Amino acid sequence: MKIASFNINGIKARLPRLKEWLSETRPSVACLQEIKTQDEGFPASEFEEIGYHAAWHGQKSFNGVAILTDGEAPQDVSKGLPGDQEDEQARFIECTYRGVRVVNLYLPNGNPHPGPKFDYKLAWMERLRARMQELLASEQPAVVVGDFNVIPHDRDVWSVCAMANDALMQPESRDAYFRLLGDGWTDAIDTLNPRGGVWTFWDYQAGAWQRDHGFRIDHLLLSPETADRLAAAGVDKEYRGREKASDHAPVWVELRS
DNA sequence: ATGCCAACATACTGTTGA
């Protein structure tokens with residue numbers, strides 16, 4: 001089973017590229033972030049045409065997440081991160097697919113740092129930790145994937161200096177990420193690339209793609225039950241170089257059945 | 001110190017992103 005995550009930066013603007021990627025790489029589950037559309041605008045029929053079912057949690061203009069599943073519908077869909085009734089932002093959706101609990105998230109960016117957006121990011125990460133601890137306690141096979149907006153290590157960024165003041169690599173952001181891992185989750189791409197140098201995002205600006213000025217913020221976290229099944233993980237880097245590309249590349253993990 | 005680029009909503013400019 002191949003589970004992928006792709007921050008597509010607008011599902012309407014990206015639809016041809018997205019369908020192309022789905023057809024060419026055929027993930028069992030595709031977790032999408034930044035669909036940037038309300039629920040009514042989600043193009044579900046476009047995915048049905050190529051054999052994917054969908055569950056989505058939309059929002060006007062910003063945020064928005066969706067899960068596409070190959071061949072069968074996502075089960076027991078849950079929308080929104082628990083822990084704050086006031087939080088209206090569409091950044092979290094879960095489902096079950098062939099016995100695996102799949103969590104798809106778009107973690108707050110947190111810039112500028114410091115400030116209320118950074119505070120929101122850290123509070124969101126603590127709520128996420130609570131939900132992930134519940135998943136561990138359930139002992140159900142689980143994966144938590146998405147755009148975490150955290151650069152975990154210095155080896156995950158082209159220039160530590162250039163990004164030093166960014167919310168993505170503040171010590172508080174990293175500490176919160178490592179608290180998640182410390183509870184028992186495995187970062188699939190890091191585990192298979194311990195020397196780093198793997199990027200999932202390249203800015204549209206300043207020729208970042210052409211200069212390979214990227215960093216790794218899209219992550220695939222595996223529970224102990226799914227970590228035992230880890231066969232491979234990677235980045236579909238080539239898609240970042242195509243016409244009308246997202247600024248993120250897709251990431252994926254292959255689990256043995 | 002700021003814009004660079006891109007998408008979206010609104011309305012021809014502003015907000016957000018990372």
Side-chain angles (χ1 to χ4, degrees), chain A residues 5-21 32-43 46 56-66 87-92 104-122 124-125 128 145-174 176-177 189 196 198-219 235 237 239-251:
Chain A
S5 172
F6 191 4
N7 181 321
I8 53 170
N9 187 18
I11 201 165
K12 293 170 190 164
R14 210 70 60 212
L15 201 50
R17 276 293 99 91
L18 176 56
K19 290 177 73 176
E20 184 178 78
W21 169 70
L32 309 177
Q33 304 88 37
E34 287 206 89
I35 63 174
K36 295 186 175 180
T37 183
Q38 290 171 295
D39 284 342
E40 309 82 71
F42 187 83
E46 296 275 349
W56 60 94
H57 183 30
Q59 180 180 340
K60 190 176 181 179
S61 301
F62 307 115
N63 306 325
V65 285
D87 189 356
E88 304 274 322
Q89 299 191 29
R91 296 178 172 276
F92 187 94
N104 175 27
L105 62 86
Y106 173 47
L107 209 146
N109 170 301
N111 279 307
H113 154 79
K117 290 188 176 182
F118 190 68
D119 297 340
Y120 173 65
K121 176 182 194 146
L122 296 182
W124 205 95
M125 292 184 82
L128 174 62
V145 309
D147 178 356
F148 281 71
N149 271 316
V150 175
I151 298 169
H153 303 97
D154 287 354
R155 61 178 182 265
D156 297 314
V157 59
W158 99 96
S159 167
V160 171
C161 194
M163 294 293 291
N165 295 319
D166 198 286
L168 307 193
M169 53 180 281
Q170 291 311 301
E172 296 95 326
S173 306
R174 288 176 161 182
Y177 185 75
I189 289 183
V198 177
W199 318 144
T200 68
F201 172 91
W202 296 258
D203 202 298
Y204 288 123
Q205 304 182 63
W209 168 248
Q210 289 75 11
R211 298 174 182 185
D212 200 28
H213 288 179
F215 40 83
R216 188 174 74 94
I217 53 175
D218 299 275
H219 305 311
V235 181
K237 182 174 178 178
Y239 289 85
R240 178 61 182 83
R242 295 196 184 184
E243 289 297 312
K244 290 284 284 180
S246 170
D247 40 7
H248 294 250
V251 298

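Just so it is clear: chains get the letters A, B, ... in the order the sequence lines come, proteins before strands, and each one is counted from 1. Since this is a predicted model, take the numbers as computed values, not measurements. We use all heavy atoms of the structure for the numbers below, so side chains are in, but hydrogens, waters and symmetry mates are not.
- The pair A:D203-A:R211 does not count as a salt bridge, with every side-chain nitrogen at least 4.0 angstrom from each carboxylate oxygen.
- Listed by chain and number, the residues in a side-chain hydrogen bond (donor to acceptor under 3.5 Å, both in side chains) with A:R240 amount to none (sequence neighbours excluded).
- Annotation: of the two residues near DNA chain B, A:P108 and A:T37, the 5′-most nearest-nucleotide partner is A:T37.
- Along DNA chain B, the nucleotide nearest to A:A206 and the one nearest to A:K244 differ in position, and the one closer to the 5' end is contacted by A:A206.
- When the side-chain hydrogen bond (donor to acceptor under 3.5 Å, both in side chains) test is applied to A:Q38, no partner is found at least two apart in sequence or on another chain.
- Rounded to whole Å, atom C1' of B:dA18 lies 13 Å from atom CD of A:Q170.
- Following rounding to the nearest Å, A:Q210 (CD) and B:dC4 (P) show an atom-to-atom distance of 17 Å.
- For the P atoms, the distance from B:dA18 to B:dC12 is 27 Å, rounded to whole Å.
- For B:dA11 and B:dT15, the P atoms lie 13 Å apart once the distance is rounded to whole Å.
- Closest approach to the A:A13 side chain among B:dC8, B:dT10, B:dC4 is made by B:dC8 (side chain taken as heavy atoms from C-beta onward).
- Between A:W202 atom CH2 and B:dA6 atom C1' there is a gap of 17 Å when expressed in whole angstrom units.
- Across the protein-nucleic acid pair, A:F42 atom CZ and B:dC8 atom P stand 14 Å apart, rounded to whole Å.
- By the side-chain hydrogen bond (donor to acceptor under 3.5 Å, both in side chains) test, A:N9 is found to be paired with A:K36, A:Y204, residues two or more places apart in sequence or in another chain being considered.
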Identify all pairs in which a protein N or O lies below 3.5 Å from an N or O of nucleotides 12-17 of chain B, and state each distance.
from	atom 1	to	atom 2	distance (Å)
B:dG17	OP2	A:K117	NZ	3.1

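- When heavy atoms are screened at a 4.0 angstrom cut-off, A:D218 is found touching no nucleic acid atom at all.
- The separation between A:W199 atom CH2 and B:dA18 atom P is 18 Å, rounded to whole Å.
- At whole-Å resolution of the value, CD1 in A:I8 and P in B:dC8 are 9 Å apart.
- One atom, CG of A:N7, and another, P of B:dA6, lie 16 Å apart when rounded to the nearest Å.
- By the side-chain hydrogen bond (donor to acceptor under 3.5 Å, both in side chains) test, A:K117 is found to be paired with no residue, residues two or more places apart in sequence or in another chain being considered.
- Straight-line distance from the CZ atom of A:R216 to the P atom of B:dA18: 17 Å, rounded to whole Å.
- A:R174 forms no cation-pi arrangement with A:Y177, by the criterion of a distance under 6.0 Å to the ring centre and an angle within 45° of the ring axis.
- Considering only side-chain atoms of A:R14, the nucleotide from B:dA9, B:dA18, B:dA7 that sits closest is B:dA7.
- Across B:dT16 and B:dA1, the matching P atoms stand 22 Å from one another, rounded to whole Å.
- With P as the reference atom, B:dG3 and B:dG14 are 12 Å apart, rounded to whole Å.
- Residues that satisfy the side-chain contact (heavy atoms from CB on, under 4.5 Å) test with A:W124, not counting sequence neighbours, are A:L81, A:D87, A:R91, A:F92, A:L105, A:L107, A:P108, A:Y120, A:R127, A:L128.
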